[in-house]
Amino acid sequence: MLTRRTLLAAGASGTAAAALSLSGWEAQAATPPGILVIAKQIDDIISFDPAQSYEFTDTEVDANVYRKLVSPNLANLSQMQGDLATTWDVSSDGKTFTFHLTQDSIFASGGPLTAADAEFSLQRAVTLNLTPGFILTQFGFTKDNVAQLIRATDPHTLVIDLPKPAATSFFLYCLSAGVGGIVEKATALANQQNGDLGNHWLTTHSAGSGPYQLTSWAASDHVILDANPHAATKPLIKRVFITHVKDAASQALMVRQGDADIARDLTPDLLASLAGNPNLYRLTTPSTTQMYVAANEGYAPFAKSGVRQAIKWAIDYDGIQKNIVPATWIVNQGFEPSMILGATKETPFKKDPAKAKALLAEAGYPDGFTATLDHFSEQPFTDIAAAIQADLGAVGIKVTLLPATESQVFTKMRARQHQLILSEWYPDYFDPNSNAQAFNANIDDSDHSTLKVVAWRNHFFNPTLTAQAAAAAQELDTAKRVAIYQQMQAEAWKDSPIAFMLQQNVTAVLRKNVQGFHLGAQSDFVRYDKTQKT
Amino acid sequence: MSASRGIRRLRAAAASVASIPITLFGLILVTFVIGRVMPIDPTIAIVGDHAPPDVVAHVRLELGLDRPLPVQFLIYLKRLAEGNLGHSVMTSNSVTSDILQYFPRTFELATAAIIIATLIGVPAGVLAAARPGSRVDHAVRVVSLTGQSIPVFVLGLIFLLVFYAELGWLPGSGQIGVFYEGTVPTITGMLVVDAALTGNWDAFQSAFAHLVQPALVLALYSLAYITRMTRAFMLEALGSEYIVTARAKGMPERVVLWRHAFGNISVGLVTVLALAYASLLEGAVLTETVFSWPGLGLYLTTSLLNADMNAVLGATLVIGLIYVGLNLFADLAYRLLDPRVR
């Protein structure tokens, strides 16, 4: 029977055990010297297979594990440079690319990297056609023709024939995306199951030639990368430990206390609270992620051009940026992020309620109307949605907010059941075609369309913009290509139901002794290999 | 014991056992239907928002989402009967292996919390009832109210700020220090236990120190419930005639309190502790989030938000089993402890 004596004895022994144990714990002033500890939300990871990887964290990790034929110069993103390819030639019609590969690249397994591996990797991405597969199949590759079109002609030469012409930079930037990561053929095939070309195995393992190799991944817990002993350039830090810390406040505490070297997902208020800390510094770079509000033209009022324009003139872009997201977003009203070819720095729209009201009256809505606004139920979207509600309310559009999880918002948008939506977008690859097509091209507005991008999801059907997007993707002359995008931008500002508001500033807080960490404009531009702790 | 009483007890036990599969079937059916009718496209979790229509259509086919709902349910039941909970799209693992990985962490945390809550809550409740209206009683009430009224994530952040950031007495988020990550072989899945079993005492200290804060926060939450219930049970018992009789017979107050009164409330207390333990075992999502403790609660929530239905159903089934199991345990304990039932 439970007696007071047993209770007291148990309590005393428990306390003593705790005290004894804790006496051995000492607050760590710093993380271990050979390990870079990154606190980050990593529950988005689906797969590390380059043929499947498409989320922020897995593409970031893959960028440090796999090398590609070419990659943008991270110091000057408009410049493409060789990675595994030392040089490449393009035929005069822009349809044949010949890549000359390095002679001395070695996989983490110790096996040599040859053109056969590159041939295999690109062919398997097309054949598997998983989430990022369209980045390659949009050029006309199919599982039936890819063996003829992508081929290794000798151990260090890879020839790619495009089925249809494409702008050279467009194709090269697509090859530099995560899906272009070169996998070791022998390892992938040795681990394949049911003809999956190693997809299941590569989801949780790696077979690359980058500076790191994947040591372990525990979903919603951690990722461990260790230096690849055969890497062409040895990384300065031997192990990268990415720990899943979902709560931003916990991340802030960890980096402040020295239990994390880098905190990656801090909110503006936490950034401000850490600003004066002498042991920390902030790294910020503009990213390609943009925030927009879109009006579904399937809802009668938004079918009128005047109403769509009124929304653009009603929003207080500067006020939202300054008051809600001063450190983490900047104003951008173009459909291309500022660092991408063809982007504009113009911000033609300012808050002008009188003009917005006049446009509404002209469109037949002098007394306004009601609409719903779907948005993610997380910051900063909730605050920004409330600001938009106030701005639109001031011109007569009575907005009801519908917060929901990201999956719910995207499900509703893909079914075209929303009226207004506040969302974010990042390009699939670092080329203007990604956003130009997503926000402007709609080849068939029916439910059977084969292109259901953001324009289609909002019933935005503008044949001129659709044709221009296709033409720009095939234009070999870069100056002419830029001119097309600028024309498209002008037309989109006049007609599009999508009001671009903000562009993200990706931010991280680092310990002072951590140097060389590269925070990229996109997740696949983040690099760990030059990071060192002093 | 007469033969007819034995048969009655056997029947009662059989009825209890028979209700388990029916309860679990109902749980699976309701969860399955809710999962399928909620407005989230499960393909988004797999292929993302940017994927082209042909890839989305292919994944829908792979998931069997093109089939009628009853057919999907029957397929799931058939797989379940074979012991296959399916694969999680979020982790790429079988749901069974995920649960074996995530549940021991929650079990470790919940068990530590319930031990702390019981060791503090039960004596506190008894002492408060022994002197109602006294300073002890008021102090117990304040602590109980604090535990129940402050949201657990706020409490977690306060603990982190005070004991980790300001005082530096305890480590922060996570299960173990980075230095020891991967050094403890998995035996039970509970880091503290595994470190002790393998004699890795440095890792044990680190894991134990990491366990203290989340366990205390969770314990404080359960403590309030346990203390209040213990106090109420004790007040009721202390007003009983047998207590008056015991005191009239000159029994020392200590004996009256602990042997006569407490002995008689232990039956109800077992149910209270079992329910408190069950609610901790289902996964304290917010505590797990604040302390980056990758347990079952976090797994279930993440899966639910991504419509990863195999994972949701598997985790729900485990939680259902825990509740059923603990209820059965409480029932058996009730029969064992209460002579009237015997």
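Per chain, numbering begins at 1; letters A, B, ... match sequence-line order.
- Looking at A:S449, only its backbone comes within 4.5 Å of chain B, counting heavy atoms on both sides.
- Using a 4.5 Å cut-off between heavy atoms, A:V37 contacts chain B through its side chain alone, with no backbone atom that close.
- Residue with the most contacts toward chain A among B:G156, B:P53, B:G174: B:P53 (heavy-atom pairs, distance under 4.5 Å).
- In this structure, the side chain of A:R416 engages the main chain of A:W456 through a donor-acceptor pair within 3.5 Å.
- The only option from A:L253, A:N279, A:V255 that meets the side chain to side chain contact (heavy atoms under 4.5 Å, CB included) definition with A:L274 turns out to be A:V255.
- With chain B as partner, the option from A:Q417, A:H244, A:R256 having the largest number of non-hydrogen pairs under 4.5 angstrom is A:R256.
- With a 4.5 Å cut-off on non-hydrogen atoms, A:I46 touches chain B through its backbone and its side chain both.
- Comparing A:E406, A:K412, A:Q408 by how many heavy-atom pairs each has under 4.5 Å with chain B, the most go to A:Q408.
- Closest heavy-atom contact between A:Q251 and A:V245: NE2-O, 2.8 Å.
- For the side chain to side chain contact (heavy atoms under 4.5 Å, CB included) criterion with B:L223, the lone passing option out of B:T118, B:L119, B:I120 is B:I120.
- For the set A:M254, A:R239, A:K246, the entry with the most heavy-atom pairs within less than 4.5 Å of chain B is A:M254.
- In this structure, chain B has a heavy atom under 4.5 Å from the side chain of A:I224, while its backbone stays farther away.
- Aromatic ring centroids of A:F376 and A:F410 lie under 6.0 Å apart.
- For A:S220, the parts lying under 4.5 angstrom from a heavy atom of chain B are both the backbone and the side chain.
- Here the closest heavy-atom approach between residue B:V193 and residue B:E108 is recorded as N-OE2, 4.0 Å.
- Per-residue heavy-atom pair counts under 4.5 Å with chain A were compared for B:V55, B:I116, B:T43, and the maximum is reached by B:V55.
- For B:F153, the CZ atom counts as loosely surrounded, since its 6.0 Å shell holds 12 or fewer non-hydrogen atoms of other residues, nucleotides or ligands.
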